[in-house]
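Quick note: numbers below take in every heavy atom, side chains included, and nothing from hydrogens, waters or symmetry partners. Chain letters run A, B, ... following the sequence lines, proteins first, then strands; residues in each count from 1. Model, not experiment: these values are computed from the prediction.
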Protein chains: 2
Amino acid sequence: MAVREPRRRVTIADVARHAQVSTTAVSKVLRNAYGASPAMRDRVKAAIEELGYRPQAAARAMRGRTFTIGVLIPHVRNPFFADLLDGIGEQLGGTDYQAILVQGGGTDLGAEARAIEALVDRQVDGILMIAPITPKARLEEVARWMPTIVIGRHERSTIYDAVFDDDDAGTELVVRHLIELGHRRIGHISQRNFGRGRPAALPHLTRAETYRRVMREHGLGDGIDVVTTTWTEEGGHAGTVELLSRSPRPTAVFAGADQPAFGALSAVHEAGLRVPQDVSIAGYDDTRMAAMANISLTSVDQDGALMGRTAARLLLERVEGRTAAMRFSVTPVLVARRSTGPAPTG
Amino acid sequence: MAVREPRRRVTIADVARHAQVSTTAVSKVLRNAYGASPAMRDRVKAAIEELGYRPQAAARAMRGRTFTIGVLIPHVRNPFFADLLDGIGEQLGGTDYQAILVQGGGTDLGAEARAIEALVDRQVDGILMIAPITPKARLEEVARWMPTIVIGRHERSTIYDAVFDDDDAGTELVVRHLIELGHRRIGHISQRNFGRGRPAALPHLTRAETYRRVMREHGLGDGIDVVTTTWTEEGGHAGTVELLSRSPRPTAVFAGADQPAFGALSAVHEAGLRVPQDVSIAGYDDTRMAAMANISLTSVDQDGALMGRTAARLLLERVEGRTAAMRFSVTPVLVARRSTGPAPTG
DNA sequence: TGAGGCATGGGCAACGTTGCCCGTTCTGTG
DNA sequence: CACAGAACGGGCAACGTTGCCCATGCCTCA
């Protein structure tokens, strides 16, 4: 097979010529617009089929529509985001909209800013932002340009919609679970704070705050111990090593998320301690790995697919014209597994 | 803060007016083109800064360039792809190009086809396809339209570049490792075959083929046992349950990838068997979870970041005009951990 | 002093699509 | 049979950017 020169792409004009109609007519058929007879519709559709015509998104963009939804994702390594994307994809399937993903960098404010600008420059019809660390003021600035849904943050906005997990409730579930098991010294692994916005807007801040509150409410203010790393396997490992070096050491660790919890499990293992006999470990997100029998990590399930579906639905509504702001919150559920058990006595 | 109407976006004409020059002049400055004095350059740059101007990708696209690289990814749930994306991002950082990701669905040929078309419709300057299942003929058709790099497939093409891991060598390493440990009955978990192209082009086919070859070369043709599922935790679990039901059951399982290997570990655990005393498990990809001390999965490391960087570099070269096809292969390394051990005697 | 070249800046058309508007033909009703 | 109104199809401009080309003015060199 020889290398042919790339032939010119089929345009609406080619279709019009082939179907013996005007370009306007073809456009009408494409958009299901008024003013096209069934006969013409068929003829044009046949021509489109025959020539393999596909509209060019760029030219459409110049007229205002791209049929593209931009999704800002901190980093694809976090498996929970995959659930969100599944939900988004499910909701968008069957519509004319296509999701494109852009990685924001996770902890790099500058990278995230560039990613957002990239989406704005590309004239997407709407943006879904997954747990952005960008200040709220900037999010609202973007939301004024184009329909925007923010996933995972708790602030109220009158300009964009919010879809989030009730991190407060979820954290309360898991910390109480540990306390009920008799734990008094419970370490917590949190993330470095990059945002400059209102505190507690980001999940890791809510979780840390609620952890502190619940501990205090149970008279365990002295047992509070927060280490700040990153929510990765490596971060969770390092944080747990630090917690285990305390004297007395905590008998349980709420890792804040499953990824650091996996690192915590490995750190406990390396220290020659047993889970849960010596140390209990709990995560958050209920990822698939958490359910594996040899891991069996206690976690908090937030329905990521539902959040994704809802976020995409809300965004489409906004694209279609809704302007009133909406909020949607998912109620988390504790999934107790074998990584948590009664506190060791003594 | 009130909801303002979205103001019109700043265009090149606004900048030109503000800087008292022509739009052509502004365009020249933007593109670092010839024919602009340093003085004018400064003036225009100041105006751009002042107005916060950003070029619109769609309008540029109509003139032939979008500064966008499309990345087709089967599914974000596979952690190995995150390494590839890190490499791609690293190489693209500092250039004017922005990567956008589109999910192909993994096992759904139709979804992948739509994803590829979405990228073509959006006039990206080049496409990086990660382990596509689309027939080669179609890949070449796309590659004639725009610069294309295919990651993970082994076929030769004169039209697109290929970047892949030497799956044959990697599989030989891991299967030999198991044989040297004394295993004779080694199960293998493979994936359903969706492609219709040349066999062995996709990694899972190469791995299965090489597994068979190495087994036979060591006189272990009778010990060959392949189950076909999907390369997910769930698939690996189900496949391993099936393998463990054999009589006699295999003493080792080469899971084909880390994700199914994790499922395999859990299945062995559930069956009340020990790893590696009763059953050895090996994966492929050397993901971060494999390195966790409590998992300690034997795996094969393929340098995903290097593959990603190389693929992105090759693509940029093609965007700049190279037409000769290139191939780049990464040499894998066996990482033996505690999930593999001597075959049980008797 | 004149010719040629270079540096600099701008005019213009074109990329593909769609919304607005206008003209023609057809249909139904008095 | 006349007329209003609907149905239908097409012309045209505009979206923002860039590549090609031309005009101007200055400098250099023979």
Cationic N near anionic O, under 4.0 Å, B:Glu317 to B:Arg322: yes
Give A:Ser27 one of three labels, base, sugar-phosphate or nothing, depending on what nucleic acid heavy atoms sit under 4.0 Å from its own. base
Nearest-Å distance for atom pair CZ/P, residues B:Arg9 and D:dT17: 8 Å
In the structure I gave you, are the side-chain heavy atoms of B:Val319 and B:Tyr97 within less than 4.5 Å of one another anywhere? yes
Quick one: which of B:Ile127, B:Ile159, B:Val150 gives a side-chain contact (heavy atoms from CB on, under 4.5 Å) with B:Val142? B:Ile127
In whole Å, what is the span from the CZ atom of B:Arg63 to the P atom of C:dT17? 16 Å
List the protein contact pattern of nucleotides 4-12 of chain D with one symbol per nucleotide (5' to 3'): B for base contact, S for sugar-phosphate-only contact, - for none; contact means a heavy-atom distance under 4.0 Å. ---BSBBBB
How long is the line joining CG of A:Asn32 and P of C:dT18, in whole Å? 12 Å
Separation of D:dG16 atom C1' from B:Arg8 atom CZ, nearest Å, is 10 Å
A:Asp161 with A:Arg327: basic N within carboxylate O range, under 4.0 Å: no
Does a donor on one side chain and an acceptor on the other come within less than 3.5 Å for A:Ser157 and A:Glu140? yes
B:Ile12 atom CD1 is separated from D:dA14 atom P, nearest whole Å, by 19 Å
Whether B:Arg8 and B:Asp14 form a salt bridge (side-chain N of Lys/Arg under 4.0 Å from carboxylate O of Asp/Glu) is what I want to check. yes
Charged N to carboxylate O under 4.0 angstrom, B:Arg65 versus B:Asp96? no
Taking CZ from B:Arg122 and P from C:dC15, how many angstroms apart are they, rounded to a whole number? 22 Å
Please state how far atom CZ in A:Arg65 lies from atom P in C:dT18, giving the value in whole angstrom units. 11 Å
Before accepting this row, confirm whether a basic side-chain N of the pair A:Glu141/A:Arg138 lies closer than 4.0 Å to the acidic partner's carboxylate O. yes
Looking at DNA chain D, which of residues 54-62 of chain A put a heavy atom within less than 4.0 Å of it? A:Met62
Which pair of non-hydrogen atoms, one from B:His18 and one from B:Ala47, has the smallest distance, and what is that distance? ND1-CB, 3.7 Å
Between C:dT17 atom C1' and A:Leu30 atom CG, what is the distance in whole Å? 9 Å
